[in-house]
Amino acid sequence: DAVGEDFDALIAADQRIEPRDAMPEKYRETLIRQIAQHAHSEIIGMQPEGNWITRAPSLRRKAILIAKVQDEAGHGLYLYSAAETLGVDRAELLDRLHDGRQKYSSIFNYPTLTWADCGAIGWLVDGAAIMNQVPLCRCSYGPYARAMIRVCKEESFHQRQGFEILWTLMRGTPEQQAMAQDAADRWWWPALAMFGPPDTGEAAKGGHTEQSMAWGIKRFSNDDLRQKFVDMMVPQADKLGIVLPDPELRWNEERGHYDFGEIDWDEFWRVLRGDGACNAERIAHRRRAHEDGAWVREAANAYAAKHASTVTATGRESAA
Amino acid sequence: DAVGEDFDALIAADQRIEPRDAMPEKYRETLIRQIAQHAHSEIIGMQPEGNWITRAPSLRRKAILIAKVQDEAGHGLYLYSAAETLGVDRAELLDRLHDGRQKYSSIFNYPTLTWADCGAIGWLVDGAAIMNQVPLCRCSYGPYARAMIRVCKEESFHQRQGFEILWTLMRGTPEQQAMAQDAADRWWWPALAMFGPPDTGEAAKGGHTEQSMAWGIKRFSNDDLRQKFVDMMVPQADKLGIVLPDPELRWNEERGHYDFGEIDWDEFWRVLRGDGACNAERIAHRRRAHEDGAWVREAANAYAAKHASTVTATGRESAA
Amino acid sequence: TQPYAAYLVGLADDVLVYAQRLAEWMTNAPQIEEDMALGNIALDLLGQARALYPHIGAIDGTGRGEDDFAMQRGERDWRNVHLVEQERGDFADEMARLLWFSAYQVQLQTALGRSTDAVVAGVAGKALKEVRYHLDHASLWVVRLGDGTEESHRRMQAALERVQPYLAELFDDDEASVVAADLGVGVLPSSLRDGVVEQVSRVVMQATLSLPESSKWRSRGGRAGIHSRPMGYLLAELQHIARSYPGATW
Amino acid sequence: TQPYAAYLVGLADDVLVYAQRLAEWMTNAPQIEEDMALGNIALDLLGQARALYPHIGAIDGTGRGEDDFAMQRGERDWRNVHLVEQERGDFADEMARLLWFSAYQVQLQTALGRSTDAVVAGVAGKALKEVRYHLDHASLWVVRLGDGTEESHRRMQAALERVQPYLAELFDDDEASVVAADLGVGVLPSSLRDGVVEQVSRVVMQATLSLPESSKWRSRGGRAGIHSRPMGYLLAELQHIARSYPGATW
């Protein structure tokens, strides 16, 4: 059909698909799911670090942390806007988040137990996010790609801030060093799992990777991205003086990459199914905020409606 | 009349009036007001120190503080029971507290700003309370007098604990000493005001003192009790190393008492009228607890009623 | 230094943290008698913790006293279960938590009465009398609320459901408990489960309530120092003054 | 050392403490835009405090830096008004507080722009732009809520009533402010009142709401370090980590 032909031609030419372009329903659905999950992750991702805003150990760190959590809210907003170009609205997407029909990144179901976790999240989690997101700046769907360009710029700033938190701790007292090492111990494996289950070799069958690649939504396999991430982080860990918690981690001269140990996929699936440390808390917190705020959103709508009708009726209050 | 005669005879003989005895309505009303205010003071008085339970600086102090606040609850209960012998019930008295028809001691409208305040309350406030209450152990109304005997025993224990908190602070770091001195500075004058406005000499006219003395409810004037308190506390302050915040405080050889400065009665009346630091907070706290607990009390009553009727119906479940 | 010290830290932290939460009820309870009762239970649990900490400081070779444990440890060093660190809910939530915790404590202290560590056995002997009273108190209220008004029944049932995800953790056999059980000092948590469930079930049935199904999510990690959000804030309150005056005595 | 340092501590503490409260809204706001907006206002106020503290440390001769002021002072040394230390209420409570506080800040920073202390004048110049935006933001919401639904009108009116007892304190001329005003560094708080009330009244009228009568009770003492109950708990959270690692840098 015509839809398919135009779309295929654009994809084949590595051109951007825009909201006005016809697109296959599956492509639209895949994107809505992926962009929404990405937006939800930004919003839920405010909580683990938000937990440290009132307790940040210095005013400078408090300011940086507030700004970062604010950025995450902003990323959520760009991404919801990008999703809205595909014909769903934010309220509907939030409902799907709140009732569990849509997911967010499982990494945010891990708790932030010490101040060092704010460093580890910046360094490892934002680091992994960037690795995932940089290729999305060339995603075939225009609004998503453009949102990603903006997001990536800020994320790399966050990643440097996370590194710097850990850097300071590793040059601090023995307790601070232990705190940083402990955070890295807890966040390393979940960060590796962020790239998703294996999708190359035998594991390539049955997943979404192949179709997403064909559509220009995904540019690299999960496994390739994970390897790039490991290769990037090991020298940074060395620079920090942090020992990554993987005895099998070593340079493989032949492959030109670091070898690393097996991820605990049982834990990954357990957390994804809802049984992680913070699954219940994250959604309950988000729901409570949403429900507590319902009367405010209703009031804003009522006020806007009143004013819109006043404008229509008198034709002269729009400047008010 | 016969009521008056029997009552007058008992009072004249310094005998106790018991609930079954006839008594003048004014005597009953005065006692209800006084005992209720006393009970309310114990209950509201749980809040200033309760504020420090979760933050007590050591486990030992935490345990002592919990026990003390518990004792205050217990004193409240004895006193409400004593008031109930006069034909009012506790629920009604609590309503009068909550809607402002009855008062509690104005001292509890001052805030507890540091840990040392727990010491100052024990030392000064409980000290003043004991001075007021010891004569009440000989009050003409039996149930009140007996409640007071029990209360006084525990209060003097609390007073020693307060002294010991300050003693430890005054032998601690310079910051701890400053904390203790600051607490004494803030609590000294309000403690002196606890004895009530002047009621001797010119001021004796128009107050309640004369009638209460005639009825054997009050044994000493406010001014006499205040003087006894000052005379008792000055040597204790010296022992602690605390400087009482009154430049006019000095031994008067001639009177055989300490002279002391003028109390700020404007402040006293302002706080009494409702404009003290914590007036709004204390009552709001108490009301909230009461309202939050309404469903629990209703459930307990419903359960008791159900069981009572079961017993009546089957005549054999009372042993269950 | 004894390898079972970590196990005892878990025991002590459970009761200290729960004492802190229960003490928050003072001035907030539905009636004055209950301000006293919950304060009393808090005092009992606090006393148990205070009896254990110096013993732990002796057997782990650090010589730490009760306040070293209470005031100077960071969140990662606390080994209490998540159940006790959760924020205070309504009175039904507290009675649901107290019912389960006390039923667990009755089984636990009964078993610890036979501990090969004489101090642990001694603490357990005293504690058992206390926690039996706590269990009675909670049972009484659960029955009253379950069989009281429609509202109290609904609230009590909801509270049983909210507490449910925090129970499994009480019965996890972590490494420290296996070590302690092998030495005859402690007891395997999993061995206590049936007795606890049986006790609670009886009360819940008498209260005309029902035990909820297991939830998809359950708490874990407390015994490894992995805590839930409220723990950090609880510690901030518990430790703020002590931490603010390093080296001071009180 | 300058005798007006105490005055500046009050200014800085007001904005730091309010920044702490406002930042609590992040992840708790009624919509994501508002998580951002309140975070932004918190950041502005935090920035103002951070600009003032080192200057105070210089003029009072102690050489203290921002974290010495924020993390190492006990409750008695904080000079903020009670308004900013109160616990977070509902969104209407926050908008009522933000409206009054921002209207006050607009008047204050306008006046401080003429301060004889160049640092204070410089901070005020930047702050004025910020607090004008805060005032616009609060005004927008107060009007929306007042003139929104029946529920929002009721809640907004109730919030104006709840905040009322905390306003008088903003305009009390304490000793430190008299000293600062005499030196031309500061401004008498009482001189700001009319402008603030006028500004707020306009917004309240547009919002179809009414300003409540004065209450019998009013807050006082913040500028003398006499605080209300929530302050100690706020400090416990603010300072717990910093206090737990003496001498560490972050």
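Both backbone and side-chain heavy atoms feed into the values below; hydrogens, waters and symmetry mates do not. Convention: sequence-line order gives letters A, B, ...; per-chain numbering from 1.
- Across every non-hydrogen atom of Trp217(D) and Gly276(B), the tightest pair is NE1-O, 2.5 Å.
- Considering all non-hydrogen atoms of both residues, His227(D) and Leu113(B) come closest at O-CD2, 3.2 Å.
- Around CZ of Phe157(B), the count of heavy atoms belonging to other residues, nucleotides or ligands within 6.0 Å does not exceed 12.
- Between Thr114(B) and Glu75(D), the closest side-chain pair of non-hydrogen atoms is not below 4.5 Å.
- Closest approach of Gly232(D) and Arg55(B) over heavy atoms only: CA-NH1, 3.4 Å.
- For Arg220(D), the part lying under 4.5 angstrom from a heavy atom of chain B is the side chain only.
- Neither the backbone nor the side chain of Thr112(B) has a heavy atom closer than 4.5 Å to any heavy atom of chain D.
- Of the possible polar contacts, none joining the Asn51(B) side chain to the Arg229(D) backbone as a donor-acceptor pair under 3.5 Å is found.
- Salt bridge Asp182(B)/Arg76(D): present, at least one basic N to carboxylate O contact under 4.0 Å.
- Around the CD atom of Glu175(D), the shell of radius 6.0 Å holds no more than 12 heavy atoms that belong to other residues, nucleotides or ligands.
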- Message: Could you walk me through whether Arg273(B) and Lys216(D) satisfy the side-chain contact (heavy atoms from CB on, under 4.5 Å) test, starting with their C-alpha distance in whole Å, then the side-chain angles of each, then the deciding distance to 0.1 Å, before giving a yes or no?
- Response: CA-CA 8 Å; Arg273(B) 276 195 314 269; Lys216(D) 169 162 83 171; 5.7 Å; no
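- Arg186(B) has its side chain within reach of Ile226(D): a pair of non-hydrogen atoms, C-beta onward, lies under 4.5 Å apart.
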